[in-house]
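Convention: sequence-line order gives letters A, B, ...; per-chain numbering from 1.
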Protein chains: 2
Amino acid sequence: MTSDTSTEVQWLTAEQQTHWRSFRGGAARLFAALEHELEQQTGLSTHEYEVLVRLSETPDRTLRMAQLADNLAHSRSRLTHTIRRMEEQGLVSRLPCVEDARGVNCTMTEKGWQVLVAAAPSHVQSVRDHLVDVLTPEQFAALGDAMETVRLHLTGGACHVE
Amino acid sequence: MTSDTSTEVQWLTAEQQTHWRSFRGGAARLFAALEHELEQQTGLSTHEYEVLVRLSETPDRTLRMAQLADNLAHSRSRLTHTIRRMEEQGLVSRLPCVEDARGVNCTMTEKGWQVLVAAAPSHVQSVRDHLVDVLTPEQFAALGDAMETVRLHLTGGACHVE
DNA sequence: ACAGTTTGGTTGACAGTTCAACAACCACGG
DNA sequence: CCGTGGTTGTTGAACTGTCAACCAAACTGT
């Protein structure tokens with residue numbers, strides 16, 4: 001990008017390049033496979049599934065739009081579109097927020113809960129089939145730890161929930 | 001999905017769940033950050049960048065559409081659209097294939113080569129900043145090995161190139 | 001009280017992806 | 001030959017995500 005002699009580019013070694021490509025290629029194919037299987041078996045996209053999971057983990061199955069967006073690392077507008085579509089399917093509903101009149105509370109409907117309950121087993125099985133059970137427990141743990149480090153570094157240590 | 005008593009669901013343990021979420025969240029944020037930085041600094045999407053990388057690695061900077069699609073794990077139609085756009089930008093060009101009249105050879109133009117050369121350093125730096133240099137060499141190697149295993153399992157051992 | 005700024009959320013136009021249908025070509029067995 | 005089936009690549013419509021503009025409500029300082 002800049003000059004040539006002053007700022008020498010620090011290339012990747014051959015091993016690093018191999019690892020990087022394995023990571024990128026493996027992750028891309030893994031997520032694609034999971035997305036595809038979930039879609040086939042339940043009609044849900046992984047994003048919709050994740051929305052339902054996050055909502056299901058709160059006491060009242062409700063979250064503010066902004067919290068949901070942060071949790072999922074999605075843009076606000078993307079979440080708005082997703083939630084609108086899910087609302088049309090009857091999976092969630094939106095209510096104005098009492099404490100903050102700007103806010104919107106997103107709640108899981110009973111139908112949304114049942115859809116999630118029905119979808120979870122096959123999705124978990126997919127994750128096992130293609131990731132968890134393919135690796136040794138040590139490999140899988142190392143994978144999780146490494147990516148947690150990456151995540152913390154990217155979010156500046158904040159955004160603790162995922 | 002099926003019965004309840006016969007097919008008991010094998011849930012993830014709490015640790016497995018944590019690792020899985022770290023992996024998914026970390027990978028999503030990492031790829032998003034890399035995509036964003038590459039876009040900002042070079043005007044290229046990561047997909048376009050990968051296309052150029054793959055082409056640059058062949059002797060004549062040319063690949064059949066199908067090989068390119070397999071390498072990138074993209075659908076045929078997706079690649080067609082991508083290549084059409086890149087062709088409009090003058091980064092690649094398409095020529096009918098002599099040996100197989102169905103085929104299309106995709107070649108990198110000189111401009112495409114120069115765009116790649118200009119883009120590579122900052123992209124490599126991004127990968128270092130957010131992934132390689134954040135982990136220990138052992139962690140990074142373990143990451144690569146694990147995802148290579150996942151990739152091989154998903155592609156049935158075939159598709160050796162990535 | 002009130003202008004200025006920040007935050008929460010939505011909207012619409014645009015860009016990129018998916019999916020199904022299609023056309024052209026190869027390869028192989030009658 | 002001819003036809004059948006599989007492969008290669010493209011197309012257009014529908015869908016999803018991105019981006020910038022926007023409104024409304026909440027803070028902030030005077």
>> By nearest heavy atom, map B:Arg84 and A:Arg102 onto DNA chain D; which one lands nearer the 5' end?
In response: B:Arg84
>> Tell me whether the side-chain N/O atoms of A:Arg94 come closer than 4.0 Å to OP1 or OP2 in C:dG9.
In response: no
>> From CD of B:Glu35 over to C1' of C:dA15, roughly how many Å is that when rounded to an integer?
In response: 12 Å
> Does OP1 or OP2 of D:dT11 have a side-chain N or O of B:Arg76 closer than 4.0 Å?
Replying inline: no
>> Return whichever of A:Ser77 or B:Thr80 has its heavy-atom-nearest nucleotide of DNA chain D closer to the 5' end.
In response: B:Thr80
>> Under 4.0 Å between a side-chain nitrogen and a carboxylate oxygen: does that hold for B:Glu88 and B:Arg85?
In response: no
>> If the cut-off is 4.0 Å, is A:Arg85 near the phosphate of D:dT16, judged by side-chain N/O to OP1 or OP2?
In response: yes
> Among the nucleotides C:dA13, C:dT18, D:dA26, which one has an atom lying closest to any side-chain atom of B:Arg78?
Replying inline: C:dT18
> With respect to the phosphate group of D:dG17, does any side-chain polar atom (N or O) of A:His47 fall under 4.0 Å of OP1 or OP2?
Replying inline: yes
> Taking for each residue the nucleotide of DNA chain C bearing the nearest heavy atom, is the 5' side occupied by B:Val98 or by A:Gln67?
Replying inline: A:Gln67
>> Below 30° counts as parallel, above 60° as perpendicular, anything between as tilted: where do the rings of B:His74 and B:His47 land?
In response: perpendicular
> Among D:dG6, D:dG9, D:dA20, which is the nearest nucleotide to the side chain of B:Ala66?
Replying inline: D:dG9
